[in-house]
Amino acid sequence: DGCRLFPKDHLDQYVVWPYDTVWTAATDTMKAYPVKLKDKESGVIETGWTEMEGEERGYGLFQRTSTGFGNKERARMILTVKRLNEVTEVIVTENRERWHLKGGVTSQATKWWPIEPSEEAMAAIMARINTKIKDQGCTSS
C-alpha cells in the first residue's frame, strides 16, 4: 500500500494515509485523557487540564524554591490532524502551567503561570499515534 510516515520533527509529521484512518488513530490515542473538544471537521482534539506533581524549580535571581505552594503543575494537550491533499499532517502541542507565588501579595501573586511544555509527554503521544497507524498497516519510510 502507499502509506508512509514522514516526521518533520518528533512532534509534527506527515502521513501518506487516509485522513479518516489517521483521525481514528488520534482519537483512540486520546481516549486515555479527559477530552474536552473533539471536532473531526476542524481536525482538533483538545483535552481538559490534568493536574500533577511537578519538578522542584527555583525562581528569581537566587533560584529560591516556593515553600508552602507545592509543585503543582497542570497540562492540556492539543492534537491537530490536518488534511493536505493525499497527505495528513499530525501536530501535538501541550500547554503547561505551574501554580506558585510570583512577587508581591496582590490577587495575581498566586496563580497558574505558563511554563515550558513537556517534550517527553508530547513525544509519547506522537509515538502512540504512530503505533496505532502502524497497527492499521502503515509502514515507516
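Side chains are part of it too, since the values below use all heavy atoms of this structure and drop only hydrogens, waters and symmetry mates.
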Quick check: closest heavy atoms across Arg96 and Pro117, and the distance to 0.1 Å? CB-CA, 4.1 Å
Tyr19: what forms a side chain to side chain donor-acceptor pair (under 3.5 Å) with it, not counting sequence neighbours? none
Say you draw a straight line from OG1 of Thr88 to CD1 of Ile133; how long is it, rounded to the nearest 0.5 Å? 8.0 Å
Would you say that Lys132 contacts Thr24 through its side chain, given a criterion of any heavy-atom pair below 4.5 Å between the two side chains? no
Point-to-point distance, once rounded to the nearest 0.5 Å, from OG1 of Thr131 to CD of Gln136: 11.5 Å
Sequence neighbours left out, what passes side chain to side chain contact (heavy atoms under 4.5 Å, CB included) with Thr27? Give chain and number order. Trp23, Lys38, Ile45
As an exercise, state the distance from CG of Leu37 to CG of Leu79, rounded to the nearest 0.5 Å. 11.0 Å
Counterpart residues, ring-ring contact (aromatic ring centres under 6.0 Å, His included), relative to Trp112 (two or more places apart): Trp99
Hydrophobic cluster identity match, Met126 and Val35, side-chain contacts under 4.5 Å: yes
Which heavy atom of Ala75 sits nearest a heavy atom of Glu94, and at what distance? CB-OE2, 3.4 Å
Is the shortest side-chain N to carboxylate O distance from Lys72 to Glu53 below 4.0 Å? no
Locate the shortest heavy-atom distance separating Gly48 from Arg76; write the atom from each residue and the value. O-CB, 3.6 Å
Can you sort out the partners of Lys82 under side chain to side chain contact (heavy atoms under 4.5 Å, CB included), two or more places apart, ordered by chain and number? Thr80, Glu89, Ile91
Do Leu11 and Thr93 have side chains that approach each other closer than 4.5 Å (heavy atoms only, starting at C-beta)? no
With sequence neighbours excluded, tell me which residues meet salt bridge (charged side-chain N to carboxylate O under 4.0 Å, His left out) with Arg74. Glu97
Inspect the contact between Asp28 and Arg128 and indicate whether a charged nitrogen and a carboxylate oxygen are less than 4.0 angstrom apart. no
Mind checking whether Val81 and Tyr33 sit in one hydrophobic cluster, side chains of I, L, V, M, F, W, Y counted as touching below 4.5 Å? yes
Does anything in residues 41-51 form a side chain to side chain donor-acceptor pair (under 3.5 Å)? List the pairs, not counting sequence neighbours. Lys36-Glu46, Asp39-Ser42
Where do Ala26 and Ile129 come nearest, in terms of heavy atoms and distance? CA-CG1, 4.3 Å
Closest non-hydrogen atom pair between Thr29 and Ile125, with its separation: CG2-O, 4.0 Å
Taken to the nearest 0.5 Å, the spacing of Met77 CE from Ser118 OG works out to 6.5 Å
